[in-house]
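Below is one structure, written out as structure tokens; the observations come after it.
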Amino acid sequence: MNQDNGPKFAELVQEYVKQIPEGMVMTYGQIAALSGNAGAARIVGGLAHFGNPEFPWQRVVNKNGGLASGYPGGRKGHKKALEAEGVFVSEEYKVNIKELIWHPNQS
DNA sequence: CGAGTGACCGCAA
DNA sequence: ATTGCGGCCACTC
């Protein structure tokens with residue numbers, strides 16, 4: 001049964017992802033923690049696959065700064081999507097997470 | 001309703 | 001620095 005009146009994890013995650021500015025990226029763990037479940041980083045990825053396809057999931061990367069494999073087109077498509085937004089992606093399919101990581105608290 | 005799954009993370013050799 | 005394993009929580013079928 002699902003009579004949760006409060007915000008669902010998926011809703012919060014999608015809200016955060018939707019608010020990620022262009023050219024920036026966030027980690028699954030961070031979004032999960034901000035959503036209230038630090039140990040639910042996997043769920044964030046799972047939601048990405050079943051969530052709204054219009055969401056910028058491409059701006060969501062793992063703690064290593066590496067792109068995901070379930071993205072439509074594989075990491076290749078993911079890399080192209082990020083580069084299309086101005087995000088530099090290395091040949092190893094990794095972004096400069098240290099510089100492109102975005103904190104919701106910081107503008 | 002029950003069980004399986006997953007675009008992960010952290011720690012340990 | 002790399003590799004391997006388990007655990008974690010919510011969503012979907």
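Labels below follow one simple rule: chain letters A, B, ... track the order of the sequence lines, proteins then strands, and each chain is numbered from 1.
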>> Could you walk me through whether A:Glu15 and A:Lys18 satisfy the salt bridge (charged side-chain N to carboxylate O under 4.0 Å, His left out) test, starting with their C-alpha distance in whole Å, then the side-chain angles of each, then the deciding distance to 0.1 Å, before giving a yes or no?
In response: CA-CA 5 Å; A:Glu15 284 293 305; A:Lys18 179 172 55 177; 3.0 Å; yes
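Picking from C:dG7, B:dC9, B:dA7 the nucleotide with the shortest atom distance to the side chain of A:Asn62 gives B:dC9. Distances from the side chain of A:Arg42 to the nucleotides B:dC9, B:dA7, C:dC8 place C:dC8 closest.
For DNA chain C, the residues of residues 44-58 of chain A within the heavy-atom distance limit of 4.0 Å (strictly under) are A:Leu47, A:Phe50, sorted by number.
Applying the side-chain hydrogen bond (donor to acceptor under 3.5 Å, both in side chains) criterion to A:Glu92, with sequence neighbours excluded, gives no partner residue.
Atom CE in A:Met26 sits about 12 Å away from atom P in B:dC9, given to the nearest Å. Spacing between atom CZ of A:Arg59 and atom P of B:dA7 amounts to 21 Å, rounded to whole angstrom units. Here B:dC9 presents its C1' atom at 15 Å from CG of A:Leu34, a figure rounded to the nearest Å. Across the protein-nucleic acid pair, A:Phe9 atom CZ and C:dC8 atom P stand 16 Å apart, rounded to whole Å. Straight-line distance from the CD atom of A:Gln30 to the P atom of B:dG10: 11 Å, rounded to whole Å. Separating the NZ atom of A:Lys63 from the P atom of C:dG7 is a distance of 22 Å, rounded to the nearest angstrom.
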Cut-off 3.5 Å, no hydrogens considered: what does the side-chain donor-acceptor table look like for residues 33-47 of chain A, sequence neighbours left out?
unit_1: A:Ser35; atom_1: OG; unit_2: A:Ile31; atom_2: O; d: 2.6

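Only one option out of A:Val60, A:Asn62, A:Asn64, A:Ile101 pairs with A:Thr27 in a side chain to side chain contact (heavy atoms under 4.5 Å, CB included); it is A:Ile101.
One N or O donor and one acceptor, one from the side chain of A:Tyr28 and one from the base of B:dA7, sit under 3.5 Å apart.
At a threshold of 4.0 angstrom between heavy atoms, the contacts of A:Ala41 are confined to the sugar-phosphate backbone, with no base atom among them.
Looking at A:Arg75, its side chain never comes within 3.5 Å of a backbone N or O of A:Ser69 through a donor-acceptor pair.
Annotation: the span from A:Tyr71 atom OH to A:Tyr93 atom OH amounts to 14.0 Å, rounded to 0.5 Å.
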